[in-house]
There are 2 protein chains.
Amino acid sequence: MAKRKTISIKDVARESGASLTTVSLVLNDRDHRISPATRERVLKAVDRLGYRPNRLAQGLQSQKSGLIAILVPQLRHAFADAYFGELISAIHDHASEVGYKILLEVARPEFIKSNQHQELFDRHFVDGILCCGVTNKDVYLKEFAGAGRAVVVVNNYLPSFKLNHVCCDYKAAGRMAGEYLLDLGHRRMGLIHGAQEVQTSLDLQHGFEEALRDAGVKLPASLVEDGLYTEEGGEAAAKRMMKRNPGVTAILAGNDKMAIGAITGLKDAGFRVPEDVSVVGCDDMHQAGYCDPPLTTVHTPIYELGKRACERLMDLIKGRVDIVEEIHPVNMTIRKSASPPKPA
Amino acid sequence: MAKRKTISIKDVARESGASLTTVSLVLNDRDHRISPATRERVLKAVDRLGYRPNRLAQGLQSQKSGLIAILVPQLRHAFADAYFGELISAIHDHASEVGYKILLEVARPEFIKSNQHQELFDRHFVDGILCCGVTNKDVYLKEFAGAGRAVVVVNNYLPSFKLNHVCCDYKAAGRMAGEYLLDLGHRRMGLIHGAQEVQTSLDLQHGFEEALRDAGVKLPASLVEDGLYTEEGGEAAAKRMMKRNPGVTAILAGNDKMAIGAITGLKDAGFRVPEDVSVVGCDDMHQAGYCDPPLTTVHTPIYELGKRACERLMDLIKGRVDIVEEIHPVNMTIRKSASPPKPA
DNA sequence: TTTGATATGTAAAACGTTTTACCAGAGGCG
DNA sequence: CGCCTCTGGTAAAACGTTTTACATATCAAA
């Protein structure tokens, strides 16, 4: 183990015959008080020694860590998920563009209970936090509200208290899917939502109901199932629904995973998709183009959203804005999993 | 923005009437030189003030950052991938168990070119790095070799120089899949590999060839296609292969994504799976159980592997070991995408 | 020649910890 | 009494930066 001696700004000062302060001034290009000659000497020395500033020291001095945290919920395997993956990818891309690095955190119960989400700030681990996959049950988020902490909720929001957020318009998504299916001629439709405690899931349902109601169509409780946001859940939900309501001709799922699960379940129960039952998803993940049949789904601009959330978080950190509230539009991606209902 | 004053150990000292040193000693439980009485006083003060040590200061003092980086390659959207997701998930779980936090980094060309991978160490960003998804072309890894830096390659290794690694036995995987298909009665089989520059991909191929050769079966170059580790690639590769070799009855794919793509491609070209062509994948990702037909695949213990890699990295950081070289066994998960070939 | 500005540079403080080295008092022992 | 060893505690140095406030030399103007 060749222990390479860590070299500090002091070494550079000695090597270049300048003072500590001078080196720092040169490196940070503060005021250009330093003459080109010494400047040159210092830079040469930096190069020769391969000096790199210690960011722990920098952070201590500046009271900035240069990191932001991404907080994701504890799912089966939190990161093995295309939706969060896309979000994280977007955030990372933008953060590193502006010189920030990102820390990954999973909001498990112990994590929250031991107040580690607060400690991320208190202990100067990070300068800001992006919260993904939050639900209405995440009451701990309240502790972030208005406390002068740089926190942004990504693709959701909390109805019970004000929190910075950047979100897609899920009500419009539900409405859009509803109108699309109505246009195809469907009159008996079901919904598989992700979770009653997720606000965007409720919004989707409300939008869907609204579209149906405007066309004089009802969405009774018996046609609403919980699909848990998973393939398995979607599969089971679809089977339950078809058992209780064999006459259903179309299903809207709250995300693509449940939609794909639903397709599996429908096929398994002897229904053809889309000939017997149409299925519409929501998200438009990469995978949606590669199932059988390729999924018709509401496209939510997840990547773009992650990027925006990151940008706005930076604004909060730099003090350029005080609150963040953004809603982004969505649109439909038509593939092959939805068609007109078969003539009765 | 209510700026909450950051409170330091000095405040605790004043509040408790003890010295700075005493407070530190109490908090770190170094020698129990402190009397229970003062100990109590200090702890009370800590509680009253809600003091939390600043980890930048701690890091500066200890020369440890308490962070490890996960380095992933730049794919389409690096994190939106079940394989890397699983790995990251495992690493995060174990790291946080031992008090470490994780930093995400994508190894883009600019990142490497500007030497940021080295700077992660030089600038004291992290104490160690886990490299995922590396290829034989990642020559920059050489700079990590033997330099006394805590680096572990996860689920791969480099043939051209020694680097710490924890890896699955892909040669055995190839052999196992080959033997399984041979046992089913297949004699004309193709391979869709991920990339010629990935060592484990080559190992898989060698194992597969070996099994076939042992049974007197050849794997000519015309039956080997590149599937780019993606669904699209797998689909295209399967189509190319069947066009050139309509007599093929089974295909082994280097990962599940390509296998699923291949199934899509085969169906599209009019083949039934597995009746006309059997498909075997590799990885056993969650998704493998939810395609049509459910995928028969070689199970590589990815989660376990990520955890082990993290454990061994800790060993390196703490100086408990000097080198790491682990190979983990694999096994088959039988589902429905492979069956005996139809009688000719 | 003095005065004052300007240009270039530096010493020292500060950020918040941990660790090292030292100190005072108490008790034991010859 | 003189010496030594504990016990409980603290002052100060160190980690590596940035920033503030001061110092010196030069030069122009009065």
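None of these values were measured; they are calculated from a predicted model. Each chain gets a letter, A, B and so on, in the order the sequences are listed, and its residues count up from 1.
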Side-chain atoms of B:Pro53 come closest, of C:dC15, C:dT17, D:dT18, to C:dT17
Distance below 4.0 Å between A:Gln63 side-chain N/O and C:dG16 OP1 or OP2
yes
The nucleotide from D:dG16, C:dT17, D:dT19 with an atom nearest the side chain of A:Leu25 is D:dT19
Using a 4.0 Å heavy-atom cut-off across all strands, classify A:Ser35 as base, sugar-phosphate, or nothing.
sugar-phosphate
Measure the distance from CG on B:Leu27 to P on C:dT19 and round it to the nearest whole Å.
12 Å
Would you indicate what B:Thr22 reaches in the nucleic acid, counting non-hydrogen atoms under 4.0 angstrom: base, sugar-phosphate, or nothing?
base
Looking across every strand, which nucleic acid part, if any, lies under 4.0 Å from A:Arg39 by heavy atom: base, sugar-phosphate, or nothing?
nothing
Pair A:Arg308 + A:Glu311: basic N to acidic O under 4.0 Å:
yes
Have a look at A:Thr38 and say if it touches a base, only the backbone sugar-phosphate, or nothing, with a 4.0 Å heavy-atom cut-off.
sugar-phosphate
Can you check whether A:Ser24 has a side-chain N or O nearer than 4.0 Å to OP1 or OP2 of D:dT17?
no
For the residue pair B:Tyr140 and B:His117, does the interplanar ring angle fall in the parallel (under 30°), tilted (30 to 60°) or perpendicular (over 60°) class?
perpendicular
Hits for ring pair (Phe, Tyr, Trp, His ring centres under 6.0 Å) against B:Tyr157, two or more places apart or cross-chain, chain-then-number order -> B:His165
We want to know whether B:Thr22 and B:Ser19 form a side-chain donor-acceptor pair, criterion being a heavy-atom distance below 3.5 angstrom.
yes
Measuring to OP1 and OP2 of C:dT18, would you say a side-chain N or O of B:Asn28 lies under 4.0 angstrom away?
yes
Does OP1 or OP2 of D:dT10 have a side-chain N or O of B:Thr21 closer than 4.0 Å?
no
Report yes if a side-chain nitrogen or oxygen of A:Gln61 is closer than 4.0 Å to either non-bridging phosphate oxygen (OP1 or OP2) of C:dA14; otherwise report no.
no
Closer to the 5' end of DNA chain D via nearest nucleotide, is it B:Ala57 or B:Pro36?
B:Pro36
